[in-house]
Amino acid sequence: MYDKVAESAKYIRDIITNFNLKVAVILSSGLGNLVDVFESKEYINYKDIPNFPQSTVEGHEGRLVFGKIKGSDVLAMQWRFHYYEGYTMKEVTYPVYVMQQLDIEKLMVTNACGGIDTDFKPGTLMLIKDFINLFVDNPLIGVDDKRFGDKIS
C-alpha cells in the first residue's frame, strides 16, 4: 500500500507546487460548498490521481480542492467515498494516508450526523468525542507499516 500512496502523493505534489499544505478538511455532503470561500483555487479530480478511489454517489464532485482561507493554505476533499459504496475501510481511509505523505498536520473530518437531541436543527454544529464502532472491518487491521508512522489504537 505504501508505494501506491507514495505515487498518489507525488502526483498531487507535482501539481500543487504553489501551496505549503498543513491543514486539510474532508467535506461531507452538506459542506461541499465550503470551497466557494477558497481563494486561488486549484482542483484535481479523483479520477486523475493514480490509485485514488472514486466517489460513486451522484452529485458528489469527487475532487481535491486546494486554496487559501485567510492566507492559510488548505486542502479539501470535496466529497468522499463510503464503505456502503463497496469500498474496504482501507480504501475509504486511503486519502488520509495520502495526506500524511503530503505532510498534513491538522485534519478535520465532517459528516452529516443524526442526533437524538430534538433541539438539533439541520446545520447544527456538534462535536463527536467518541463513537461505537459497529463495523467488522477496521482500517488499522493489517501489517504495521512504520513508514506511515506509529498506529494509535
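As a basis for the values below, the full set of heavy atoms in this structure was taken, side chains included, without hydrogen atoms, waters or symmetry mates. Given the structure is predicted, the values throughout are model-derived calculations rather than measurements. Along the sequence shown, the residues carry numbers beginning at 1.
Y46 and F52 have tilted rings, their planes meeting at an angle from 30° to 60° on a 0 to 90° scale.
Taking CG of N51 as the reference point, atom CE of M1 lies at 10.0 Å (rounded to 0.5 Å). Summarising the geometry, atom CG belonging to L64 is positioned 12.0 Å from atom OH belonging to Y43; distances are rounded to the nearest 0.5 Å. Expressed to the nearest 0.5 Å, how far CZ of F66 lies from CG of L102 amounts to 7.0 Å. Between I44 atom CD1 and S8 atom OG the span is 10.5 Å, to the nearest 0.5 Å. Note that the CD atom of Q100 and the OG1 atom of T93 stand 12.0 Å from one another [nearest 0.5 Å].
At a threshold of 4.5 Å between non-hydrogen side-chain atoms, the residues M99 and M77 count as touching. Counting heavy atoms from C-beta on, the side chains of Y11 and D48 come closer than 4.5 Å. At least one side-chain heavy atom of K22 sits less than 4.5 Å from a side-chain heavy atom of D103. Within the 4.5 Å cutoff, side-chain heavy atoms of I26 are placed close to those of V96. By the 4.5 Å heavy-atom criterion applied to side chains, L21 and V74 are not counted as neighbours.
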- request: Would you sort out whether L34 and T110 count as a side-chain contact (heavy atoms from CB on, under 4.5 Å), showing the intermediate values?
  value: CA-CA 11 Å; L34 175 68; T110 68; over 6 Å; no
- request: Mind running side-chain contact (heavy atoms from CB on, under 4.5 Å) on I15 and I12 for me, showing each step along the way?
  value: CA-CA 5 Å; I15 292 174; I12 294 166; over 6 Å; no
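Closest approach of G62 to S55, counting heavy atoms only: CA-CB, 4.4 Å. Residue I69 comes nearest to F38 through the heavy atom pair CD1-CE1, 3.2 Å, listed as atom of the first residue, atom of the second, then distance. The two residues D73 and N20 have their closest heavy-atom pair at OD2-N, 2.7 Å. Shortest non-hydrogen contact noted between Q101 and V5 is CG-CG1, 3.5 Å. Closest of all the heavy-atom pairs between P53 and Y94 is CD-CD2, 3.8 Å. The two residues E91 and G86 make their nearest non-hydrogen contact at OE1-O, 4.5 Å.
With hydrogens and angles ignored, the 3.5 Å screen pairs no side-chain donor or acceptor of K47 with any backbone N or O of Q54. S72 places no side-chain N or O within 3.5 Å of a backbone atom of V23 that could act as its donor or acceptor partner.
Other residues, nucleotides and ligands place no more than 12 heavy atoms under 6.0 Å from the NZ atom of K10.
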